[in-house]
Amino acid sequence: MRKKIVAGNWKMHKTLPETEVLIKELRELVDTENKVSVIIAPTFVNLTSAVNLAKGSDITVAAQNMHFEDAGAYTGEISADMLQVIEVNTVILGHSERRAYFCETDDILKLKAIQAYKKGMTNIFCVGEKLAERKENKHFEIVEKQLINALFTLPAEAFEKIVIAYEPVWAIGTGETASPEQAQEMHQFIRKVVEAQYGKSVADKLRILYGGSVKPGNAKEIFSKPDVDGGLIGGAALQAKDFNAIIEAGKS
Ligand code: 13P
């Protein structure tokens, strides 16, 4: 049995005082009963506070991005060491917003994935097709390429710390969700692609999260699908009650 993960990507939301309030609320509400792994990804400047506020709880703090070099003249960037020194050992890589607005290509993401592996960090790696690509029936091909190009030079052992997040771009922040059947179909495909490259035992252990307008009202049905191992949540992760309801949906 793969333990489900419910991760909240806070994107560019929540100031420091707001971060403190939300984590305090979550600490009061969330009881994972050790059935779900809970992750939150606040913005960089609030990570230190978030780590301190989450200490002793079941909540793990992640970053939303990082650079692939150890250090250097990269104005505005954040390194793996900077994150790990403040006890952040999980990072979201390849989110479609990073790909679309910050020109992150498969080649860049490959370097970032290598860096996460070298540093022993958990890599929540995002893949997903755009609406036009789905309409042209290219969604499987697109997702397969994203996986192969960025991840498949890594050795099998790297997959112990890789989580895939399937986030169809057309479902992010739009209120439109992939149907549970569409999610299952893609997750099963992703597992097959990983199995073909790395074998069944790696594929069987891999957690594949669905992201894209997951809400308290639809989480349970999406999470009930056999290849859906939890969710990467945007908007609904910004409200403690909603996020907790999604965590609860992950328990069954
Ligand atoms: P929404 O849940 O707001 O659609 O965002 C999903 C997402 O992009 C999580 O990374």
Side-chain angles (χ1 to χ4, degrees), residues 4-14 18-19 22 26 36-44 46-47 50 59-66 88 90-104 109 112-113 116 121-131 133-134 139 142-143 146-147 150-151 162-180 182-183 186-187 190 207-223 225 228-250:
K4 285 205 171 43
I5 298 174
V6 174
N9 175 8
W10 291 10
K11 308 191 180 184
M12 197 174 72
H13 293 287
K14 303 286 175 190
E18 290 164 351
T19 297
L22 181 49
L26 287 173
V36 186
S37 298
V38 175
I39 298 172
I40 55 170
T43 188
F44 285 125
N46 297 330
L47 286 174
I59 300 168
T60 298
V61 176
Q64 297 174 18
N65 178 32
M66 71 177 190
V88 173
T90 302
V91 62
I92 298 171
L93 293 177
H95 192 280
S96 63
E97 287 149 18
R98 301 286 325 162
R99 293 176 190 259
Y101 307 139
F102 303 97
C103 307
E104 291 200 6
L109 293 170
K112 292 188 177 198
M121 295 178 77
T122 298
N123 168 7
I124 303 177
F125 190 78
C126 305
V127 294
E129 81 285 357
K130 301 190 190 95
L131 183 59
E133 293 162 342
R134 179 163 279 264
H139 43 296
I142 294 289
V143 167
Q146 290 170 337
L147 290 169
L151 299 182
I162 289 175
V163 174
I164 304 291
Y166 169 56
E167 300 207 315
V169 179
W170 47 272
I172 295 176
T174 58
E176 200 169 325
T177 327
S179 67
Q182 284 172 321
M186 182 58 86
H187 286 220
I190 291 169
R207 261 94 57 91
I208 307 173
L209 314 183
Y210 170 78
S213 300
V214 177
K215 308 279 178 223
N218 60 20
K220 201 165 180 156
E221 208 190 336
I222 296 171
F223 293 171
K225 294 294 173 189
V228 177
D229 306 308
L232 182 54
I233 322 299
L238 300 172
Q239 304 280 343
K241 247 177 84 181
D242 286 355
F243 192 54
N244 186 52
I246 295 170
I247 293 166
E248 288 294 314

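Below, all heavy atoms of this structure are taken into account, side chains as well, without hydrogens, waters or symmetry copies. Counting starts at 1 for both ligands and their atoms, following the listed order.
Under the side-chain contact (heavy atoms from CB on, under 4.5 Å) criterion, N244 pairs with L29, V30, I247, E248, sequence neighbours left out. Partners of A113 under the side-chain contact (heavy atoms from CB on, under 4.5 Å) rule, at least two apart in sequence or in another chain, are N123, L151, L154. With sequence neighbours excluded, the residues that form a side-chain contact (heavy atoms from CB on, under 4.5 Å) with A178 are P168, W170, Q182, Y210.
Side-chain contact check for E167 and H95: at least one donor-acceptor pair (N or O, by modelled atom type) lies under 3.5 Å.
Within 4.0 Å of ligand 1, counting heavy atoms only, the contacting residues are N9, K11, H95, E167, A171, I172, G173, G212, S213, L232, I233, G234, G235.
Within 6.0 Å of the NZ atom in K215, the count of heavy atoms belonging to other residues, nucleotides or ligands exceeds 12.
Under 4.0 Å is where a charged nitrogen must lie from a carboxylate oxygen, and between R134 and E129 at least one such pair does.
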